[in-house]
Structures are given as C-alpha cells and as structure tokens.
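Here's the structure we're looking at; comments come further down.
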Amino acid sequence: MTTASSDSTIELAPSYAIPIGLGLVAVPLLFVQIWVSLAIALFGLFLLIQTVMLRLRFTETALDIYRGETLIRQFPYQDWQNWEIFWSPVPILFYFKEVKSIHFLPIIFDPKMLRACLEQRFPKNQNADT
C-alpha cells in the first residue's frame, strides 16, 4: 500500500500475479495451440503494461484512476450501487456498478488492500440488493 498526497487517500500497489500467470499459461500452450497461446500471451503483455502504468487511488469521495500522475477517470462513491471481487481463492476480476454503468477491472492491484479500501469506503451492507 502506498499513501498518496493526503492521509485519507490510499494508492494501491500493483500486483503482477495475473499478467505473469497468463504468461506462464501461454508457454505450454505454445506446443498445443499456437494461436491460443499467442492470444493469451498478448493479453498477459497488455495487462503487464496496464499494471505498470495505471494506479487506483481511493479518496474520501471517489475511486480515482491515474495513468502516471494524470487523472484519467473518477468514480464518485455516491454513484455506486454494488461491488464484487470475483473468485476469492485467486482474485481475478473487480466489478462495480454505478447508477448508469457497470465496470470490470482485472485485479492488477493489491487484492487485499483493494478489498479493505472497498469495505471501508463502500461497505457491503450499504450496497445490498441494488
């Protein structure tokens, strides 16, 4: 976990588990299905680049997504209806629903800190059945 400019803002550390895992899965598939292996490897490379470039910051009022030091998207908690982290043994996908849209993000950030920040900023009992 990294703390950004203020004490109430938390920036999540990157997690390279999914991009590296996809790369490892692609290697043995190379000998079985070259095109499938190539597709998985390219997706893993794409996620690796995103892991290096993107940062999630939880502020008091919103989830902010940064590319380097540039804010590229802001999701105010007041617009959230629900969130979920899929596949608990190995978290791979973060879903959240806003009033007008839904979003899916691969877990390319520290999954434990992601869950802790979500539970702190938008507790599960707040988003029940919406």
Side-chain angles (χ1 to χ4, degrees):
M1 169 182 73
T2 305
T3 304
S5 57
S6 78
D7 290 334
S8 62
T9 299
I10 298 172
E11 181 177 302
L12 299 184
S15 172
Y16 298 95
I18 291 176
I20 291 171
L22 288 172
L24 293 174
V25 165
V27 172
L29 283 175
L30 186 62
F31 303 106
V32 179
Q33 290 287 329
I34 192 165
W35 294 111
V36 173
S37 174
L38 182 60
I40 291 172
L42 286 174
F43 185 58
L45 180 61
F46 169 75
L47 288 180
L48 181 65
I49 292 167
Q50 295 300 322
T51 304
V52 170
M53 294 177 60
L54 297 180
R55 293 293 170 262
L56 289 185
R57 292 184 185 164
F58 284 87
T59 68
E60 286 295 318
T61 59
L63 168 62
D64 296 343
I65 300 180
Y66 283 82
R67 182 176 296 123
E69 292 301 316
T70 304
L71 177 65
I72 59 172
R73 193 78 194 264
Q74 191 170 51
F75 300 100
Y77 305 128
Q78 68 186 18
D79 295 341
W80 288 37
Q81 293 183 328
N82 193 11
W83 64 266
E84 191 68 46
I85 296 176
F86 291 107
W87 208 43
S88 294
V90 179
I92 58 171
L93 192 64
F94 165 47
Y95 153 86
F96 67 100
K97 180 180 179 187
E98 290 185 294
V99 174
K100 295 184 180 178
S101 60
I102 62 171
H103 307 278
F104 292 93
L105 297 171
I107 304 285
I108 55 175
F109 311 98
D110 179 350
K112 290 179 184 174
M113 200 60 198
L114 173 63
R115 180 174 294 283
C117 287
L118 288 167
E119 289 173 349
Q120 177 189 23
R121 308 291 185 181
F122 196 82
K124 279 290 205 174
N125 59 4
Q126 180 178 336
N127 61 7
D129 294 327
T130 54

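Just so you know, residue 1 is the first one in the sequence shown, and it goes up from there. Treat the numbers as computed from the prediction; the structure is a model and nothing was measured.
For the atom pair CD of Gln81 and OG of Ser101, the computed distance is 9.5 Å after rounding to the nearest 0.5 Å. To the nearest 0.5 Å, atom CZ of residue Arg121 and atom CD of residue Glu60 are 5.0 Å apart. The CD1 atom of Ile107 sits 8.5 Å away from atom CZ of Arg115, with the distance rounded to the nearest 0.5 Å. Rounded to the nearest 0.5 Å, atoms OH (Tyr77) and CZ (Phe122) are 10.5 Å apart.
With a 4.5 Å cut-off on side-chain heavy atoms, Thr51 and Phe109 do not count as touching. Under the 4.5 Å side-chain criterion, counting only non-hydrogen atoms from C-beta, Pro91 is in contact with Ile85. Side-chain contact check for Ile102 versus Phe96: every heavy-atom pair is 4.5 Å or farther apart. Residues Pro106 and Gln50 form no side-chain contact, since every pair of their non-hydrogen atoms from C-beta on lies 4.5 Å or further apart. No side-chain heavy atom of Leu105 sits under 4.5 Å from any side-chain heavy atom of Leu93.
Linking ILVMFWY side-chain heavy atoms closer than 4.5 Å, directly or via other members, places Leu38 and Leu24 in two distinct hydrophobic clusters. Clustering ILVMFWY residues whenever any of their side-chain heavy atoms sit less than 4.5 angstrom apart, transitively, puts Val27 in a cluster other than the one holding Val25. Both Trp87 and Met113 are assigned to one and the same hydrophobic cluster, defined by single-linkage of ILVMFWY side chains at heavy-atom distances under 4.5 Å. Cluster annotation: Ile72 and Ile10 are assigned to the same hydrophobic cluster (Ile/Leu/Val/Met/Phe/Trp/Tyr, side-chain heavy-atom contacts under 4.5 Å, transitive). Met53 and Leu12 sit in two unconnected hydrophobic clusters of ILVMFWY residues. Membership requires side-chain heavy atoms under 4.5 Å apart, directly or through other members.
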Review point. Can Gln74 and Tyr66 be said to form a side-chain contact (heavy atoms from CB on, under 4.5 Å), step by step?
Key: CA-CA 9 Å; Gln74 191 170 51; Tyr66 283 82; over 6 Å; no
Exercise for review: Could you check Thr9 against Phe58 for side-chain contact (heavy atoms from CB on, under 4.5 Å), going step by step and ending with a plain yes or no?
Suggested key: CA-CA 5 Å; Thr9 299; Phe58 284 87; over 6 Å; no
Practice item. Please test Lys97 against Glu84 for salt bridge (charged side-chain N to carboxylate O under 4.0 Å, His left out), starting from the C-alpha separation and ending with a verdict. Key: CA-CA 9 Å; Lys97 180 180 179 187; Glu84 191 68 46; over 6 Å; no
Exercise for review: Let me see the working for Asp64 and Leu56 under side-chain contact (heavy atoms from CB on, under 4.5 Å), right down to the final yes or no.
Suggested key: CA-CA 6 Å; Asp64 296 343; Leu56 289 185; over 6 Å; no
Practice item. Could you walk me through whether Tyr16 and Ile108 pass side-chain contact (heavy atoms from CB on, under 4.5 Å), step by step? Key: CA-CA 6 Å; Tyr16 298 95; Ile108 55 175; over 6 Å; no
Exercise for review: Please assess Trp83 against Phe94 for the test ring pair (Phe, Tyr, Trp, His ring centres under 6.0 Å), listing each intermediate value before the final yes or no.
Suggested key: CA-CA 8 Å; Trp83 64 266; Phe94 165 47; 7.0 Å; no
Review point. Should Phe75 and His103 be marked as a ring pair (Phe, Tyr, Trp, His ring centres under 6.0 Å) after you check the CA-CA gap, both sets of side-chain angles, and the distance that decides it?
Key: CA-CA 10 Å; Phe75 300 100; His103 307 278; 4.6 Å; yes
**Study point:** Residues Lys112, Glu119; criterion salt bridge (charged side-chain N to carboxylate O under 4.0 Å, His left out); working and verdict
**Key:** CA-CA 11 Å; Lys112 290 179 184 174; Glu119 289 173 349; over 6 Å; no
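Annotation for Phe104: atom CZ counts as buried by contact number, over 12 foreign heavy atoms lying within 6.0 Å.
The one candidate from Leu30, Leu29, Leu45 that meets the side chain to side chain contact (heavy atoms under 4.5 Å, CB included) condition with Ile40 is Leu29.
Looking at Ser37, its side chain does come within 3.5 Å of a backbone N or O of Ala26 through a donor-acceptor pair.
In terms of heavy-atom proximity, Arg57 sits nearest to Gly68 at NH2-O, 4.5 Å. When all heavy atoms of Ile65 and Leu54 are compared, the pair lying nearest together is CG2-CD2, 4.4 Å.
Aromatic ring pairs are classed by plane angle as parallel below 30°, tilted from 30° to 60° and perpendicular above 60°; the pair Phe43 and Phe46 is parallel.
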